[in-house]
Structure formats: C-alpha cells, structure tokens
Student: 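Attaching a single structure in structure tokens format; questions to follow.
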Protein chains: 2
Amino acid sequence: MHLFYTPDITLPDYILSEEESKHAIRVLRLQLHDEVILVDGTGGKYTAQITDANPKKTILQITHSQQEFGKRNHYLHIAVAPTKNIERLEWFLEKATELGIDAITPIICDRSERKEVKTERLNKIITSAIKQSIKAYHPLLNEAISFKQFIQQGLEGAGFIAHCMEGEKPLLAQLVKPMGHYTILIGPEGDFTPQELAAAQAAGYTGISLGEARLRTETAALAGCFEINMLNR
Amino acid sequence: MHLFYTPDITLPDYILSEEESKHAIRVLRLQLHDEVILVDGTGGKYTAQITDANPKKTILQITHSQQEFGKRNHYLHIAVAPTKNIERLEWFLEKATELGIDAITPIICDRSERKEVKTERLNKIITSAIKQSIKAYHPLLNEAISFKQFIQQGLEGAGFIAHCMEGEKPLLAQLVKPMGHYTILIGPEGDFTPQELAAAQAAGYTGISLGEARLRTETAALAGCFEINMLNR
C-alpha cells in the first residue's frame, strides 16, 4: 500500500497537496476507494481511502488512526561531522532512519573539510527513508553548528565521543544503560583534535571505542546507531 | 602512509606493477627512501621502502613483515540477493569490509529482479575498502549463484536466514555462539518466498529476525554483519 508523509494531517478528511495529488493519481494511478497509509512524523499512522481521485486535489477520508506507532524506548541523538563527499552523509541518514534514530546534528569540527550542509536536501532523504521503512516518527535534522557550540548546549542523559586517539577506551556497549537518552559525537575524516576531545570530556562526554576496525565517519556513525538500537531491543 | 594491495608479494624486493608505479611516483609523488605499507590479502602486512622510484617499475624493499595481521576470531559469510540498484550492494560491500567480513556470495532468488552481477567491479570496491581501512585480509567475493545451488553446497557451522515472514523468530543475537563459523542468508527486495525459507530450513538454516525495523536488503545484510562482529568482540 502506498504511503504519504503528511505532517499537516487533518481529520476526518485530508487533501493531498497538488504535487502529491498528481503523483497519486497520474503516477501511482490510484483510484476512487483505493486505500493508502499516511504518517504524520510525530507518531501518528493512518489508513485512508480516496473519496475524490482529483489529480490536483485528491481527497482522502481517514478510516483508521493509531498514535505512537513504533514508539521507541530510548532517544538517540547523533552529532556527526559532515563528510567531504556529502553522499556518504546521505547514506548514513537513510540507514540510520531505517534502523532508528531520533535526532541528527551536523557538527563542524576543527578538521572538517566540509563547513556547510544543505539540510533541505538531507531532510528529503530522511522523509523518503521513513516512507520506505514505514515509520511514523520523522527524525529531527538540526541545522549544522560548530562542535564548540554543540557541546556548550548542555547534555541530556549520557554523552559519548567516539575517537581514534591513544589510550584506554571502553566500548560503547560497556557503558550504555538501556532505555536511556544518548548523544554520540562522531568526528570528521582525520578525527577530532585532542582539544576537542578534552572539551567534550569537560562537558560530560565519555570517550568510547566502536571496536577495533578503523571506520570511515559515516560507518562509525552508523555503527553507533546499530549498537544503541541493538542494546535497546 | 600510503598502502598498496599486493597479493603477489615477493620478498625481500617487490616491484610495483606499471599502473601502481605510475600512481606511486606521478600521482602520490613518492620518492626514493619513502616508506609505504603493503598488504597481501591473506593476512600479511609489510612495511617497505622505495629503492628505485621508477615511474614504470618502482622497486620496493621490504623492511618489516607481519603475518596474520588483524586476524579475526570468527568466520562470517553473507549470502545476499544483489539489489536492483547495484550501488546499494556496492555500499554494503564497502561497509562490511570496513566492519569485518570473510566471504560474500551474491545469490539469485525467486524474487530477485537483478539476475546478474559483475563481480570484477565489486571486487575492486572491496580492495579499495581494505586499503582505506588497513586490512591485511581480503574478503572473498564469490561469483553469483542461484539460491538453490547455494543452499545445496552444504553448511559449515551455524546458518541463519533473515526473513520478514510471520511467526516466531529469535533474534540473531540470541542464537550466536562466539568465535563460530556463520553463514547468513539475506533476501531480495520483496523477501524470500515461503518455498525458499522451507528449503533453507531443511538445509539446516534457522530463521531469524534482525530486529523490529523493516530494513532494505543492503541494510539487513549490514545489520547482520555488524551484529556478528559485535558479538565476537
């Protein structure tokens, strides 16, 4: 069944935007009485029936609604340095959305080669991933900010900083208590600087390892996401 | 330090191929006495020094060698239906190589839209990932075969089939014993057929879940890889 993302949902009837109407009727060839699924991005999942298959203004009648669909038992925020090749960050966003994540913040670090991020395009990738994987919650993508600003915002719950510097580092799994609120910092190609690590530690973040393998930025971010989800199953 | 993949390593001197020589001297601008790293794909990692910076025939002298570098404590074989969009499989190969995997076999399933795979290009992606993540073992990429042929090959160690069909399914993590030999089957977009599931079970594979989320083929394959690696840390 086709799924539409409808953050502006109205009940009992909802009118698809002109673009979505065209897509529904001209591309998907949906017809009167066909059923579709709607998700509002804040936990609402709806079944709806087409009551007017107008290609400019398709009208849907909500026949069933469910709140807190797929509600997660924990909160995961990953703050990640945007990759030089933006496609790698896009892959991370798609995969993390499929696996489960609540918030993402691109952080510009001392060694970041990329200093700017267009969040509009990235948000579209997240929306497309929630449609594909039938999620009723839309992960929050924040605007990019500097690493320094990010850690000054204050930390809710447990904070971790994954880095490749020398020294004893526990594995993330050794520190995670289930059903928590977690923030993980993932650095750029070339890692965080020792100054950034020290500043994060002073702000309450604990240095961690994601295993022996040397991982690219987006792989490390996804590994953190996998691990938190797995530890909360 | 730059790393070369040298499956045909010779000691104490090694001559780079014409293509690699050109790359080393013209592109990387390496010079006489510069050090490089070599990995042979079967666990050997070497340090070498340039003794003749010839752009057609660069000669290296091996100064240090190490065997079984980064040897893994388990064996993971993932048999995965190639994705319709081959880039998704390529992404899986890159990420699985970074995280750690021993063998991959593309399997053509009843619902596979893609029936052919060019392994040469895929192998280059794996080679590039081992260079990037400094691995001395090169994962084995087998030629694509049919699902039926694959399960008839016989199963060494524990076999798992990840699927989305109804019924009670344990999580992979509940079944995995550390330091084992594992084979995981991952189906195409649209899942395995009930007949394929039954045939796999008859051949000794256990049906498993990779968690609640509905994952794309390549994400499921990577989730399996991540989970096995995490359980063997």
Side-chain angles (χ1 to χ4, degrees), chain A residues 3 37 39 69-73 76 85 87-88 90-101 128-137 139 164 169-174 176 189 208-233, chain B residues 3 37 39 69-73 76 85 87-88 90-101 128-137 139 164 169-174 176 189 208-233:
Chain A
L3 189 146
I37 295 172
V39 291
F69 175 78
K71 193 178 182 195
R72 290 151 51 74
N73 63 358
L76 174 60
N85 173 351
E87 280 185 18
R88 296 186 170 274
E90 292 174 3
W91 270 112
F92 162 68
L93 293 174
E94 179 186 303
K95 298 305 167 210
T97 302
E98 276 180 61
L99 290 163
I101 193 167
S128 157
I130 71 165
K131 288 165 73 172
Q132 198 276 333
S133 55
I134 315 181
K135 301 237 184 268
Y137 289 91
C164 307
K169 276 177 293 181
L171 290 166
L172 177 58
Q174 293 170 323
V176 166
E189 291 95 338
I208 52 140
S209 162
L210 292 164
E212 282 301 304
R214 172 176 147 148
L215 303 176
R216 283 179 181 271
T217 292
E218 75 281 7
T219 320
L222 196 63
C225 182
F226 265 126
E227 198 154 327
I228 292 289
N229 275 285
M230 198 175 149
L231 296 166
N232 280 286
R233 281 197 307 216
Chain B
L3 188 145
I37 296 172
V39 291
F69 176 78
K71 191 176 185 198
R72 289 151 51 74
N73 63 357
L76 173 60
N85 173 350
E87 281 185 16
R88 294 185 172 276
E90 292 173 2
W91 176 86
F92 162 69
L93 293 174
E94 178 186 304
K95 296 306 168 211
T97 302
E98 276 179 59
L99 289 165
I101 193 166
S128 157
I130 72 165
K131 288 164 72 171
Q132 198 277 331
S133 56
I134 313 180
K135 301 235 184 270
Y137 289 91
C164 307
K169 276 177 295 182
L171 290 166
L172 176 59
Q174 293 170 324
V176 166
E189 291 95 338
I208 51 139
S209 162
L210 292 164
E212 282 301 302
R214 173 177 147 149
L215 304 177
R216 284 178 180 271
T217 292
E218 76 282 6
T219 320
L222 195 66
C225 179
F226 178 78
E227 200 155 324
I228 292 287
N229 274 285
M230 196 175 151
L231 295 165
N232 279 287
R233 279 199 307 216

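Throughout, a chain's letter reflects where its sequence line sits, starting with A, and its residues are numbered from 1.
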Student: Kindly write out the residues that satisfy side-chain contact (heavy atoms from CB on, under 4.5 Å) with B:Lys131, not counting sequence neighbours, or none if the list is empty.
Tutor: B:Leu3, B:Tyr5, B:Glu20, B:Thr127

Student: Is the Lys NZ or Arg CZ of B:Lys95 less than 6.0 Å from the centre of A:Trp91's six-membered ring, within 45° of the axis?
Tutor: no

Student: Measure distances from A:Gln132 to the heavy atoms of chain B and classify the residue's part below 4.5 Å as side chain, backbone, both or neither.
Tutor: both

Student: Can B:Glu94 and A:Arg216 be counted as an ion pair, charged N to O under 4.0 angstrom?
Tutor: yes

Student: For A:Leu171, is it the side chain, the backbone, both, or neither that has a heavy atom closer than 4.5 Å to a heavy atom of chain B?
Tutor: side chain

Student: Given heavy-atom pairs under 4.5 angstrom as the criterion, report whether the side chain, backbone, both or neither of B:Ile134 touches chain A.
Tutor: side chain

Student: Run the side-chain donor-acceptor check on residues 221-231 of chain A: report pairs under 3.5 Å with partners two or more places apart or on a different chain.
Tutor:
| from | atom 1 | to | atom 2 | distance (Å) |
| --- | --- | --- | --- | --- |
| A:Glu227 | OE1 | B:Arg233 | NH1 | 3.3 |
| A:Glu227 | OE2 | A:Ala173 | N | 3.0 |
| A:Glu227 | OE2 | B:Arg233 | NH2 | 2.9 |
| A:Asn229 | OD1 | A:Arg72 | NH1 | 3.1 |
| A:Asn229 | ND2 | A:Gly100 | O | 2.7 |
| A:Asn229 | ND2 | A:Cys225 | O | 2.9 |

Student: With a 4.5 angstrom heavy-atom cut-off, could you sort out which part of A:Leu99 is near chain B: side chain, backbone, both or neither?
Tutor: both

Student: Whether A:Glu98 and B:Arg214 form a salt bridge (side-chain N of Lys/Arg under 4.0 Å from carboxylate O of Asp/Glu) is what I want to check.
Tutor: no

